[in-house]
Amino acid sequence: MSELIIDKLTGRSTVGSITVQGEGTATTNMQQGLAKVWCNFDGTGTASIRDGLNSASLTDNGTANIQVNYTNNMANGNYSCTAAGKYTGAGTGVGFGFRNTTTPLTTSGVQTYAPPDYSQSVVDNPYSCIAVHGDLA
């Protein structure tokens with residue numbers, strides 16, 4: 001068994017671009033496949049980050065609307081964002097996504113939003129997660 005111990009990878013023919021052999025004959029660009037931001041946070045009370053990568057802070061924009069601010073901006077607003085929230089039972093926290101307040105998305109952060117639950121109440125989500133894929137600035 002071989003072991004490779006290194007501190008940095010750099011593309012040989014194109015700096016910042018490394019191709020990885022995928023399944024079968026498919027290849028993947030390593031930088032494009034890595035999450036550039038992820039954040040696990042509690043959106044109730046004073047919103048707080050539990051853990052994350054490239055997640056600088058949270059901005060509470062009101063009930064069920066939390067913005068995750070990036071430490072390092074994205075290159076443009078044409079990135080992919082995935083959001084998920086925990087179902088908390090008793091009809092609360094049944095949906096969670098991101099709020100596209102601008103088109104394209106902003107380069108410095110993304111707003112999350114928990115829509116009304118089955119009782120038509122808008123509630124903060126206690127267990128929320130986002131992941132962002134795209135190009136960093």
Side-chain angles (χ1 to χ4, degrees):
M1 177 172 184
S2 299
E3 181 177 3
L4 179 64
I5 301 173
I6 58 173
D7 290 322
K8 181 179 178 181
L9 292 172
T10 304
R12 187 171 135 200
S13 58
T14 305
V15 175
S17 180
I18 297 173
T19 301
V20 177
Q21 181 66 45
E23 298 78 21
T25 60
T27 59
T28 301
N29 179 288
M30 185 182 337
Q31 289 79 359
Q32 288 291 318
L34 298 173
K36 302 307 181 348
V37 179
W38 66 265
C39 187
N40 177 320
F41 64 95
D42 181 347
T44 61
T46 301
S48 60
I49 297 173
R50 287 188 185 93
D51 200 359
L53 170 73
N54 198 19
S55 305
S57 63
L58 302 175
T59 301
D60 192 337
N61 295 311
T63 304
N65 185 345
I66 305 293
Q67 177 165 320
V68 178
N69 302 302
Y70 308 147
T71 304
N72 298 294
N73 287 352
M74 300 301 290
N76 56 55
N78 299 320
Y79 55 86
S80 173
C81 181
T82 305
K86 179 181 179 184
Y87 173 72
T88 59
T92 61
V94 296
F96 187 74
F98 70 95
R99 183 175 185 163
N100 187 2
T101 57
T102 61
T103 304
L105 297 168
T106 67
T107 59
S108 60
V110 66
Q111 285 188 32
T112 63
Y113 185 71
D117 63 15
Y118 293 124
S119 66
Q120 297 304 300
S121 299
V122 177
V123 295
D124 288 331
N125 199 306
Y127 198 85
S128 307
C129 303
I130 69 152
V132 174
H133 291 83
D135 299 323
L136 288 173

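Looking only at distances, no side-chain donor or acceptor of K36 sits under 3.5 Å from a matching main-chain atom of V132. Looking at Y79, its side chain does come within 3.5 Å of a backbone N or O of T106 through a donor-acceptor pair.
Here the CG-CG distance, from L34 to L136, works out to 9.5 Å after rounding to the nearest 0.5 Å. With rounding to the nearest 0.5 angstrom, the CG atom of D135 is 13.0 Å from the CG atom of N73. Expressed to the nearest 0.5 Å, how far CG of L105 lies from SG of C81 amounts to 7.0 Å. With rounding to the nearest 0.5 Å, the separation of CG in N54 from OH in Y70 is 8.5 Å. Distance check: I66 CD1 to T112 OG1 gives 6.0 Å after rounding to the nearest 0.5 Å. Taken to the nearest 0.5 Å, the CE atom of M30 stands 4.0 Å off from the CD1 atom of I18.
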Apply side chain to side chain contact (heavy atoms under 4.5 Å, CB included) to the pair Q111 and N61, showing each step before the final yes or no. CA-CA 9 Å; Q111 285 188 32; N61 295 311; 3.6 Å; yes
Just do the side chain to side chain contact (heavy atoms under 4.5 Å, CB included) check on T82 and I130 with the steps written out, would you? CA-CA 5 Å; T82 305; I130 69 152; over 6 Å; no
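For the pair F41 and V68, the minimum side-chain heavy-atom distance is below 4.5 Å. Taking the side chain as every heavy atom from C-beta outward, T71 and S55 never approach each other to under 4.5 Å. The closest side-chain heavy-atom distance from T10 to R12 is not below 4.5 Å.
For residues 40-50, the set of pairs meeting the side-chain hydrogen bond (donor to acceptor under 3.5 Å, both in side chains) definition, not counting sequence neighbours, comprises N40-R50, N40-Y127, D42-T44.
Closest non-hydrogen pair, G85 versus N125, comes out as CA-ND2, 3.7 Å. When all heavy atoms of T107 and G77 are compared, the closest pair comes out as CG2-N, 4.0 Å.
With sequence neighbours left out, the side chain to side chain contact (heavy atoms under 4.5 Å, CB included) criterion links S57 to N69. Residues satisfying the side-chain hydrogen bond (donor to acceptor under 3.5 Å, both in side chains) test with D60, not counting sequence neighbours, are none. Residues passing the side-chain hydrogen bond (donor to acceptor under 3.5 Å, both in side chains) test with T28, sequence neighbours excluded: none. Applying the side chain to side chain contact (heavy atoms under 4.5 Å, CB included) criterion to T19, with sequence neighbours excluded, gives T27.
Within 6.0 Å of CD on Q21 lie more than 12 heavy atoms contributed by other residues, nucleotides or ligands.
Hydrophobic clustering, defined by side-chain heavy atoms of Ile, Leu, Val, Met, Phe, Trp and Tyr closer than 4.5 Å, groups L53 together with W38.
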